[in-house]
K.L.:
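Following this message is one structure expressed as structure tokens.
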Number of protein chains: 2
Amino acid sequence: MITVAIVDDLKEIREGLQLLIDSSTGFSCLDAYGNAEDAIIGLQRSIPDVVLMDINLPGLSGIEAVGQLKDKCPGIQFIMSTVYEDDSKIFDSLKAGASGYLVKKTTPDKLLEAITEVYKGGSPMSTNIARRVISSFRMNDPLNKVNILTQKEKEILKALSQGLRLKEIAAEMHVGMETVRTHTRHIYEKLQVQSRTEALNKVFGKR
Amino acid sequence: MITVAIVDDLKEIREGLQLLIDSSTGFSCLDAYGNAEDAIIGLQRSIPDVVLMDINLPGLSGIEAVGQLKDKCPGIQFIMSTVYEDDSKIFDSLKAGASGYLVKKTTPDKLLEAITEVYKGGSPMSTNIARRVISSFRMNDPLNKVNILTQKEKEILKALSQGLRLKEIAAEMHVGMETVRTHTRHIYEKLQVQSRTEALNKVFGKR
DNA sequence: GTCTCCTACCCCTTTTTTGGGATTTTTTGA
DNA sequence: TCAAAAAATCCCAAAAAAGGGGTAGGAGAC
């Protein structure tokens, strides 16, 4: 039996979800909250396995709520639900500690499946959400930052990102270390940074 | 009609998948390759919509193959399939340009669904794969390697990831620089690395 | 002909990494 | 409960690496 709680400001959705969960075998809905503040208090008393958290709540956002609750009750798994597929909201949710991320049009059986998956330690998410997440790993698609660099500079930067030392890069590229140094200086100038880590953050995005 | 190609070194799997795809309406299997080298040549002549790529191939790995092919044929969507859920393999695949990542025990209908999803621009992945991906976003996640570190060490590592200097970290945390230095030493020992960038790659995944 | 890019060298400072310690507090387990 | 382990704090010294500044020749592009 997986216990679930719901946080959503719309009464209809709240009751709809509650009905769905309670009428499904193996699931039980403990509570339903209409805002983040009530949820933060209530969830610490009555701890469910999984929380369906709406992102756009009046007052404190669902993301904020997850951030606070995940510290206090690390065992609770959070599935964010929203109508928007906003990149920053996705990443902020994941950073805050959400395990799943669904768009609201998700069908009832997919939703129950997601709850089961997250309970078992998985991270269910809509495939287009996943796409946005993994696109952050690729340096080819978004970044004009990299394009102000020359080809050699890009190669050097890539090598720098591996954690190689300057002399190792030099050996690998069959050039002198001083040459590598000159390139890194140009890279830093162009990116307006003072260190390797700063450069990588600027190009690949912060974590 | 979605056209598919298969790359897998096991004949049974290759033929099994081919049969599955060809016998499903809306799908057509163009080719099946037993190794990465053949696939790299063949896929450039006969271009499918989606490629199911095994990771563990004799000779050139599936990850390498994706890396090379994604540059030459950006339109092809790659779904990696493997029996292992190795963190570095996952991240390397995504970095190379794979859009989906499935474990081999995936059921036939889930597989077809994944092909459809990736064709439509999504990124299907097993929920436990997704979990590993997103765990890299949250330091406190149980799956993150960062958990062998103490709380202070995590804080230091986070500061290191911002590109701050040791003395800056010391100032920010109101401790001596020697303390920060000792912590970083312990971090490097635990992660078995020799530099800041290596440590960050180990914890947050390579890029 | 000037410009950018790749290459390479000089001097010098700062930062990081590695190697020894030490002390106190906190946590843990027998 | 008490001792052991782990964590957090600091110090000294030295070597390695990285970063800042300047300069400069050759190749290719415009």
K.L.:
May I ask you to evaluate whether B:S195 reaches the phosphate of C:dT16, defined as a side-chain N or O under 4.0 Å from OP1 or OP2?
P.N.:
no
K.L.:
Under a 4.0 Å threshold between the charged nitrogen and the carboxylate oxygen, would A:K11 count as salt-bridged to A:E15?
P.N.:
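Counted as a salt bridge, because a side-chain N and a carboxylate O are separated by less than 4.0 Å.
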K.L.:
Using whole Å, what does the distance between atom C1' of nucleotide D:dA17 and atom CG of A:L164 come to?
P.N.:
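That distance rounds to 14 Å.
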K.L.:
Round to a whole Å and report the spacing from CG of B:L157 to P of D:dA7.
P.N.:
15 Å
K.L.:
Decide salt bridge (Lys or Arg N to Asp or Glu O under 4.0 Å) for B:K110 and A:E113; before the verdict, give the C-alpha distance in whole Å, the side-chain angles of both, and the deciding distance to 0.1 Å.
P.N.:
CA-CA 13 Å; B:K110 286 272 181 191; A:E113 190 183 317; 2.7 Å; yes
K.L.:
Do any N or O atoms from the side chain of B:S126 and from the backbone of B:N128 form a donor-acceptor pair under 3.5 angstrom?
P.N.:
no
K.L.:
Would you please name every residue forming a side chain to side chain donor-acceptor pair (under 3.5 Å) with B:T197, sequence neighbours left out?
P.N.:
none
K.L.:
Which residue lies toward the 5' end of DNA chain D, A:E189 or A:G163, if each is placed at its nearest nucleotide?
P.N.:
A:G163
K.L.:
Would you kindly give the CZ-to-P distance between A:R165 and C:dT17, to the nearest whole Å?
P.N.:
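It works out to 9 Å between those atoms.
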K.L.:
Think A:Y188 has a side-chain N or O under 4.0 angstrom from the OP1 or OP2 of D:dG20?
P.N.:
no
K.L.:
Please round to 10 degrees the angle between the axis of the first five pairs and the axis of the last five pairs in the helix from C:dG1-D:dC30 to C:dA30-D:dT1.
P.N.:
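The end-segment axes of the helix from C:dG1-D:dC30 to C:dA30-D:dT1 are tilted 60° relative to each other.
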K.L.:
Quick check against the 3.5 Å criterion: does B:N201 have a side-chain atom that pairs as donor or acceptor with the backbone of A:S161?
P.N.:
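Between the backbone of A:S161 and the side chain of B:N201 there is a qualifying donor-acceptor contact (under 3.5 Å).
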K.L.:
Between A:R196 and B:E198, does at least one N-O distance fall below 4.0 Å, as a salt bridge requires?
P.N.:
no
K.L.:
Got a list of protein N/O to nucleotides 7-10 of chain C N/O distances below 3.5 Å?
P.N.:
from  : atom 1 : to     : atom 2 : distance (Å)
C:dT7 : OP2    : A:H183 : NE2    : 3.2
C:dA8 : OP2    : A:G176 : N      : 2.6
C:dA8 : OP2    : A:T179 : OG1    : 2.7
C:dA8 : O5'    : A:T179 : OG1    : 3.3
C:dA8 : N7     : A:T182 : OG1    : 3.4

K.L.:
Taking NZ, NE, NH1 and NH2 as the nitrogens, is one of them in A:K158 or A:E155 under 4.0 Å from a carboxylate oxygen of the other?
P.N.:
no
K.L.:
Return the value, rounded to whole Å, for the distance between atom CD of B:E153 and atom C1' of C:dT27.
P.N.:
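To the nearest whole Å, that distance equals 15 Å.
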K.L.:
Counting only side-chain N and O atoms of B:R196, is one of them less than 4.0 Å from OP1 or OP2 of C:dT16?
P.N.:
yes
K.L.:
Please determine if A:K104 and A:D8 form a salt bridge, counting it only when a charged side-chain N lies under 4.0 Å from a carboxylate O.
P.N.:
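Yes, A:K104 and A:D8 are salt-bridged.
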K.L.:
From CD of A:Q194 over to C1' of C:dT13, roughly how many Å is that when rounded to an integer?
P.N.:
15 Å
K.L.:
A:L166 CG to C:dT16 P: how many Å, rounded?
P.N.:
14 Å
K.L.:
Take atom CD of A:E168 and atom C1' of C:dT17, then tell me their distance rounded to the nearest Å.
P.N.:
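From A:E168 CD to C:dT17 C1': 14 Å.
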K.L.:
Is any NZ, NE, NH1 or NH2 atom of the basic residue among B:R14 and B:D9 found under 4.0 Å from an Asp or Glu carboxylate oxygen of the other?
P.N.:
no
K.L.:
Roughly, in whole Å, what's the span from CD1 in A:I187 to P in D:dG19?
P.N.:
10 Å
